Amino acid sequence: MKKLKIMSVFGTRPEAIKMAPLVKEIAAHPGMESLCCLTGQHREMLDSVMEIFRLRGDYDLNIMEQRQTLTTITTKTILGMDRVIEEAKPDMILVHGDTSTTFAGALSAFYHQVPVGHVEAGLRTYDPYSPYPEEMNRVLVSDLAELHFAPTRANAENLRKEAVRGEIFITGNTAIDAMKTTVRDDFQFSTPELNCLDFAARRVIVVTCHRRENYGAPMEHIMHAIRDVAETHSDVEVVYPVHLSPKVRECAFGILGGVPRVHLTDPVNVEEMHNLMARCYMVMTDSGGLQEEAPALGKPVLVMRRETERPEAVAAGTARLAGVEREIVARMAAELLDEPAAYTQMARAVNPYGDGSACARIVGAIAWRFGLTAERPADFQAES
C-alpha cells in the first residue's frame with residue numbers, strides 16, 4: 001500500500017520546536033511518509049533546532065535575507081513552494097501557528113489543491129494588528145485549512161463560532177511534547193555565563209521581548225521595568241537572550257547594557273531555553289510559546305503585552321497579563337518576588353496546554369481523515 005505523503009512546512013525557530021516532535025511521530029506511522037519543507041525564514045535559529053532534534057529538511061527554500069519584509073517572506077515562500085509541491089506531490093501539507101511562512105505555505109497548498117492541516121489552530125485576539133501580522137495570518141489559514149488542530153477547548157470554540165470548514169480536533173499543544181526530550185537534570189549549558197549562575201542562591205528571571213507590536217515606546221517601557229526590578233532586588237539575576245532583530249538589540253542594549261546582574265546574551269537554542277526555564281524563578285515574556293512552556297515547568301509567567309491569544313493560562317492562574325507600561329510591569333514582577341503566597345499560587349496552578357500526547361492525536365486525526373483508521377482520536381481534556 002502506498003504511504004501517505006505528509007509534508008510539514010515551517011521556517012522559524014518556534015515553528016520548528018513545535019513541529020519537530022510531530023515530524024517524528026508522522027515518520028513513525030507505518031502508513032505515512034514524513035517530508036519537511038523549510039523556508040528558512042529564521043535561518044540560524046531554525047538550523048539550531050533541526051540539529052538538536054536530529055531532523056533534516058527534504059526541501060529548503062532558504063528565503064532569508066537581510067532586513068527582510070513581510071512581503072519578501074510571503075512572495076519568496078509562495079514561489080519556492082510551487083516547485084516543491086509539483087515535485088513532492090504531497091497528500092497533505094501541515095503548517096503551524098501564525099507566521100508569514102504559515103500563511104504562505106497554506107496559500108501555496110490551496111493553489112495546488114492540496115489539503116491543509118493547521119497545527120495550533122484557533123488562537124485569537126480579534127485585533128488584526130496585535131499581534132501583527134500573526135493574528136491575520138492565523139485567521140486566513142483557518143479559512144484555507146481542512147483539518148484544524150486546536151490546542152485547547154477555547155481555541156476549538158473560536159473556530160466553531162467562525163464556522164470554519166473541515167474538522168476540528170482538540171489535541172493539546174505540541175510544545176509540551178517537545179519538552180519531554182529537551183529538559184534534563186544533568187543538562188550543561190553551552191553558554192558559559194549560564195553555567196556560572198547559582199540557581200539555588202539567586203532568583204533567576206528569564207526574559208524574552210521581541211514582538212513587532214512592542215517596537216518603540218512599549219519595548220522601552222518594558223526594558224526600563226526590567227531594569228527597575230533588577231536594581232531593587234539584590235538577589236535577582238536577569239537572563240535575557242536578545243533577539244537578533246536590530247531594533248530589539250538597539251533597545252535592549254541601550255537600556256539594559258551594563259546593568260549589574262542583567263545578562264544580555266545572544267539567542268540560546270531550544271534545549272538551553274527549556275532547561276533555563278526549568279531552573280529559573282519566573283518568566284517575563286511577550287512570546288507566545290513561553291506562555292505554554294513555562295507553566296508546564298511550574299514557572300509563573302508575566303505576559304508583557306496588552307492582550308494574549310492564550311487566555312487559558314491567565315484563567316488557570318499560571319500567567320498574568322502585565323501590559324507594557326513600565327510601572328505596572330515592574331510592580332507585578334515585584335509582587336511575585338516579594339509575596340510568597342502570590343508566587344506559590346501561580347507556580348502550583350495546573351498547566352492547561354497539554355499532556356505530551358498532542359502529536360499522537362494529530363497523527364491519529366490524519367489517519368482518520370485518509371481512512372487508515374476508523375477511529376477518530378479522542379479530544380484532549382485539560383485537568384481542572
Side-chain angles (χ1 to χ4, degrees), residues 12-14 17 42 44-45 97-99 125 127 129-135 175 191 193-194 203-231 233 236-259 261-270 272-274 276-277 280-295 299-310 313-314 319-334 336-337:
T12 70
R13 185 175 85 155
I17 292 169
H42 292 170
E44 292 179 12
M45 293 188 285
D98 52 23
T99 70
T125 65
D127 180 345
Y129 292 100
S130 182
Y132 172 81
E134 289 85 356
E135 175 70 6
T191 305
E193 198 169 1
L194 300 183
R203 293 188 290 180
V204 176
I205 300 175
V206 175
V207 171
T208 71
C209 183
H210 67 272
R211 300 196 79 91
R212 289 173 183 266
E213 66 268 24
N214 278 341
Y215 283 4
M219 191 167 288
E220 292 172 8
H221 279 282
I222 289 169
M223 299 302 163
H224 279 293
I226 293 164
R227 180 171 184 151
D228 293 343
V229 171
E231 290 178 341
H233 293 80
V236 161
E237 303 267 354
V238 174
V239 177
Y240 179 7
V242 185
H243 197 276
L244 295 177
S245 162
K247 290 185 178 181
V248 175
R249 293 180 80 82
E250 288 166 11
C251 185
F253 283 93
I255 296 172
L256 294 173
V259 176
R261 292 173 286 102
V262 174
H263 308 275
L264 302 178
T265 74
D266 284 337
V268 297
N269 66 40
V270 58
E272 295 213 319
M273 178 57 80
H274 285 175
L276 183 58
M277 287 194 295
C280 79
Y281 182 81
M282 70 186 214
V283 175
M284 299 175 66
T285 185
D286 66 359
S287 164
L290 267 62
Q291 296 177 52
E292 300 152 349
E293 294 165 345
K299 307 301 178 179
V301 183
L302 287 185
V303 182
M304 298 181 296
R305 290 170 56 186
R306 292 187 174 92
E307 69 288 301
T308 178
E309 58 285 283
R310 293 167 171 85
V314 177
R320 290 182 182 174
L321 198 59
V324 295
E325 299 301 324
R326 174 178 180 175
E327 293 79 8
I328 297 174
V329 173
R331 174 173 54 78
M332 292 182 72
L336 290 173
L337 291 164

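Please read these numbers as outputs of a predicted model, since none were measured by experiment.
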- Query: Side-chain contact, heavy-atom cut-off 4.5 Å: Val242 with Leu256?
  - Reply: no
- Query: Would Asp286 and Val303 count as a side chain to side chain contact (heavy atoms under 4.5 Å, CB included) if you check the C-alpha gap in whole Å, the side-chain angles of each, and the deciding distance to 0.1 Å?
  - Reply: CA-CA 6 Å; Asp286 66 359; Val303 182; over 6 Å; no
- State the NE2-OG distance between His210 and Ser287, to the nearest 0.5 angstrom. 5.5 Å
- Query: Is there a donor-acceptor contact under 3.5 Å linking the side chains of Ser130 and Glu135?
  - Reply: no
- Note on the structure: In terms of heavy-atom contacts, Val248 and Cys209 come closest through CG1-O, 3.4 Å
- Task: Could you go through the side chain to side chain contact (heavy atoms under 4.5 Å, CB included) check for Glu193 and Thr265 one step at a time?
- Result: CA-CA 8 Å; Glu193 198 169 1; Thr265 74; 3.9 Å; yes
- Contact check, side chains of Ile205 and Val283, non-hydrogen atoms, under 4.5 Å: no
- Worked verdict on Ile226 versus Val238 for side chain to side chain contact (heavy atoms under 4.5 Å, CB included): CA-CA 8 Å; Ile226 293 164; Val238 174; 3.9 Å; yes
- Task: Quick one: closest heavy-atom pair of Leu321 and Met332, and the distance?
- Result: O-CE, 3.8 Å
- Are more than 12 heavy atoms from other residues, nucleotides or ligands located less than 6.0 Å from atom OH of Tyr129? no
- Task: Locate the shortest heavy-atom distance separating Met219 from Cys251; write the atom from each residue and the value.
- Result: CG-SG, 3.7 Å
- Which atom of Pro267 lies closest to which atom of Pro241, heavy atoms considered: CA-CB, 4.1 Å
- Taking the side chain as C-beta and beyond, is there a heavy-atom pair between Pro295 and Val301 under 4.5 Å? yes
- Side chains of Leu337 and Val229: closer than 4.5 Å at any heavy-atom pair? yes
- Separation between CG of Leu290 and NZ of Lys299, rounded to the nearest 0.5 Å: 13.0 Å
- Item | Rounded distance (nearest 0.5 Å) linking atom CE of Met284 with atom CG of Leu302 | 5.5 Å
- For the atom pair CE (Met304) and CD1 (Ile222), what is the distance rounded to the nearest 0.5 Å? 5.0 Å
- Query: What distance separates Ile328 CD1 from His221 NE2, expressed to the nearest 0.5 Å?
  - Reply: 10.5 Å
- Closest non-hydrogen atoms of Asp228 and Arg326, given as atom of the first, atom of the second and distance, are OD2-NE, 2.8 Å
- Message: On a heavy-atom basis, which atom in Tyr240 and which in Val207 lie closest, and how many Å separate them?
- Response: CD1-O, 3.3 Å
- Among side-chain atoms of Thr208 and Thr285, is any donor-acceptor pair under 3.5 angstrom? yes
- Item | Heavy-atom side-chain contact between Met273 and Asn269 under 4.5 Å | no
- Query: Any side-chain heavy-atom pair from Thr125 and Pro131 closer than 4.5 angstrom?
  - Reply: yes
- Query: Ion pair present between Glu134 and Arg211, side-chain N to carboxylate O less than 4.0 angstrom?
  - Reply: yes
- Cationic N near anionic O, under 4.0 Å, Glu231 to Arg227: yes
- Using the side chain to side chain contact (heavy atoms under 4.5 Å, CB included) rule, take Ile255 and His224 through it: C-alpha gap first, then chi angles, then the decisive distance, then the call. CA-CA 7 Å; Ile255 296 172; His224 279 293; 3.8 Å; yes
- Query: Hey, what do you get for CD (Gln291) to CD (Glu309), rounding to the nearest 0.5 Å?
  - Reply: 6.5 Å
- Query: Heavy-atom distance under 4.5 Å between the side chains of Glu325 and Pro218, does that happen here?
  - Reply: no
- Item | Sidechain N-carboxylate O distance under 4.0 Å for Glu292, Arg310 | yes
- Message: Between Arg249 and Asp266, does any side-chain N to carboxylate O distance fall below 4.0 Å?
- Response: yes
- Look at Arg306 together with Glu213 and state whether they make a salt bridge at an N to O cut-off of under 4.0 Å. no
- Beyond-backbone contact of Tyr132 with Asp127, side-chain heavy atoms, under 4.5 angstrom: no
